[in-house]
Amino acid sequence: MSLLIRNGEVVTVDSRGTADIYVANETITRIGKNLEAPANTEIIDATGQLVFPGFIDPHVHIYLPFMATFAKDTHETASIAALVGGTTTYIEMCCPNRNDDALEGYQLWKSKAEGRSACDYAFHMSVTKFAEETESQLKQIVADGTASFKIFLAYKNFFGVDDGEMYQTLELAKRLGVIVTAHCENAELVARLQQRLLLEGRTGPEWHEPSRPESVEAEGTGRFATFLENTGATGYVVHLSCEKALHAALSAKSRGVRLSVESVLPHFLLDKSYAERPGVEGMKHVMSPPLRAKHNQDVLWNALSIGAVDTVGTDHCPFDMEQKLLGKDSFVNIPNGIPGIEDRVNLLYTHGVKRGRLSLDRFVDAASTRAAKLFGLFPRKGTIAVGSDADLVVFDTKYLGKVSVKSQKTNNDYNGFEGMEVEGRPSVVTVRGKVQARDGAFIGELGRGRLLKREPTHF
Ligand code: URP
Ligand code: ZN
Ligand code: ZN
């Protein structure tokens, strides 16, 4: 089956202009003006609309046993939510905990996705301990095409690794040419501050942020960078939330440390006052690192606009209100996480591009291309070029709407961005040449998604 997208304004990081895109056998085979197509070709008229490369969310949680419960999405629901929002590839955190076997965990995470996702996907493999068998297991996982690791400096005794384990992971990653992503908060300080606040009777969701202050994240970011510096490995800070942590990351970059920075949608648009709302309203907005004081948002937008923040992910992690209420007596038991996979592209376009905070090329770069380059997917994904997978987003810039739990596809009973304005959304979304979503509706095929095998590139 072939597809012709006619007369759209095709936008990539380094080019912009009106063109037709012809797709055969899942890949882009021609880009040009007035392209001819065989009689049975599906034709989409994109006149007056933008055409973007499929967007990539580099940080999502779908199957996640965490904080005495499980995140709500399945690969069916998450991929539908992703696609209606223009995301055609996501990278899920594979997160067995410290007591689990890493290889068994990897197989389990794969089995949860296989044959279910409607869009393509990959994994970051979490290293949650470094035991005798870890090196050989990680080598097998990399040989299987999963060429990025994840470490947590937070979540002591569960996902968290100590400094020795971080060193061993980075040293191995350097030898294998694998990039290491990291959640950077000082686990010991978080545990001590939580304990102190609880002893003082401070139990509500508004105390989550003070238990993990900006300095705790800055320390984690700086320490991760120092370990990169001394192992020569390549790193990627996930969900960086604040100015202090950004300074730590940029200071490392300026020393030549091979480090990239991701911030996630909630930190650009929500501040800590959301988590200070009473009861479950506040709990809905508990995530880690926490939502911060508002001034940090301008810092993140500015850093994003110049590429000092490299990518925008979501840290998509849906827990419903009943699950959030597990923490009604103590903020330390509120499952951490906010969903966002469905809203990232539209909200970033609206509050970034439309509000003049982000150029169109940086928007494409931050939401697609740079993740493809960092995680070994480029130029198969992340651009519109002959030979690339035909993951395409025809984008209607005239659409006006609002984020609402009532219309969302994400499997959750609230939306953390409820009521926010949306100015522009995908009208057509393709996965390897097949139309999977139209105008906010999923019209595609579940199970179309493939696990993307990736080669190490960070030697
Ligand atoms: O609050 C968060 N971020 N939940 C998901 C787990 C993680 O730390 O990424
Ligand atoms: Zn995290
Ligand atoms: Zn995460």
Side-chain angles (χ1 to χ4, degrees), residues 57-73 78 90-98 105 109 121-128 148-161 166 180-187 190-191 194 205 207-209 211-212 216-217 220-221 224 235-242 245 249 261-268 270 272 274-275 282-292 311-320 323-324 326-327 331-341 344 371 375 410 412 414 416-417:
D57 191 335
H59 183 169
V60 307
H61 301 274
I62 297 171
Y63 173 67
L64 184 68
F66 185 44
M67 299 190 72
T69 188
F70 291 82
K72 295 257 337 167
D73 261 325
Y90 51 71
I91 311 184
E92 186 190 6
M93 299 293 173
C94 171
C95 292
N97 76 48
R98 261 187 105 74
W109 257 259
Y121 59 93
F123 296 103
H124 299 299
M125 181 64 208
S126 297
V127 183
T128 51
S148 48
F149 297 157
K150 167 77 182 284
I151 55 173
F152 293 88
L153 309 194
Y155 308 130
K156 201 175 168 186
N157 301 328
F158 193 68
F159 294 144
V161 288
M166 169 159 60
V180 180
T181 71
H183 175 137
C184 299
E185 290 179 299
N186 184 306
V190 171
Q194 286 177 333
W207 298 106
H208 177 70
E209 199 277 341
S211 76
R212 324 172 81 98
V216 163
E217 186 185 345
T221 308
F224 177 52
Y236 176 96
V237 177
V238 298
H239 52 36
L240 182 137
S241 73
C242 62
V261 174
E262 168 200 273
S263 293
V264 293
L265 189 66
H267 292 300
F268 289 95
L270 306 169
K272 67 178 184 166
Y274 284 82
M283 295 177 198
K284 288 177 182 177
H285 293 97
V286 165
M287 65 178 292
S288 295
L291 296 177
R292 298 298 190 191
T311 61
V312 179
T314 56
D315 200 7
H316 177 81
C317 191
F319 295 106
D320 67 17
Q323 291 172 302
K324 289 284 182 181
L326 290 169
F331 68 88
V332 302
N333 296 327
I334 303 168
N336 288 196
I338 301 179
I341 201 168
R344 178 184 66 127
F375 297 119
T410 299
N412 206 10
Y414 77 93
F417 306 95

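Every heavy atom of this structure was used, including side-chain atoms; hydrogens, water molecules and symmetry mates were not. Order of appearance sets the numbers: ligands from 1, and atoms from 1 within every ligand. Each residue takes its place number in the sequence, starting with 1.
Relative to atom 8 (O) of ligand 1, the option among Phe152, Tyr155, Phe319 with the closest non-hydrogen atom is Tyr155.
Taking every non-hydrogen atom of Met287 and a distance limit under 4.0 Å, the qualifying atoms of ligand 1 come out as 1 (O). Every atom of ligand 1 with a heavy atom of His239 under 4.0 Å away is listed here by number and element: 8 (O), 9 (O). Which parts of ligand 1 touch His59 is read off a 4.0 Å heavy-atom cut-off, strictly below it: atoms 9 (O). Every atom of ligand 1 is numbered from 1 in the order shown, and the set under 4.0 Å from a heavy atom of Cys317 is 5 (C).
The aromatic rings of Tyr236 and Phe375 sit perpendicular to each other, their planes meeting at more than 60°, with 30° as the lower class boundary.
When ring centroids are compared, His61 and Phe66 stay outside the 6.0 Å threshold.
Heavy atoms of Phe159 come nearer than 4.0 angstrom to ligand 1 in no pair at all. Met93 does not count as a contact of ligand 1, since none of its heavy atoms falls under 4.0 Å from the ligand.
For atom 3 (N) of ligand 1, the closest non-hydrogen atom on the protein side is Asp315 OD2, 2.5 Å. Distance from atom 1 (O) of ligand 1 to its nearest protein heavy atom, with residue and atom name: Ser288 N, 2.8 Å. Annotation: atom 4 (N) of ligand 1 to nearest protein heavy atom, Asn336 O, 3.0 Å.
Between Phe417 and Pro339, the shortest heavy-atom contact is CE1-O, 3.5 Å. The two atoms that bring Ala371 and Thr311 nearest to each other are N-CG2, 4.0 Å, heavy atoms only.
Atom NE2 of His183 and atom CD1 of Ile151 lie 11.0 Å apart (nearest 0.5 Å). Residue Phe152 holds its CZ atom at 10.5 Å from OG of Ser288, rounded to the nearest 0.5 Å. For the atom pair NE2 (His124) and CD1 (Ile91), the distance works out to 4.0 Å, reported to the nearest 0.5 Å.
Centred on the Zn ion (ligand 2), the angle running from His239 (NE2) to His183 (ND1) is recorded as 90°, rounding to 10°.
For Lys324 (side chain) and Met283 (main-chain N/O), a donor-acceptor pair under 3.5 Å exists by modelled atom type.
Nearest N, O or S atom of Asp315 to the Zn ion (ligand 3): atom OD1. Closest N/O/S atom of His61 to the Zn ion (ligand 3): NE2.
Only one option out of Leu291, Val332, Asn336 pairs with His208 in a side-chain contact (heavy atoms from CB on, under 4.5 Å); it is Asn336.
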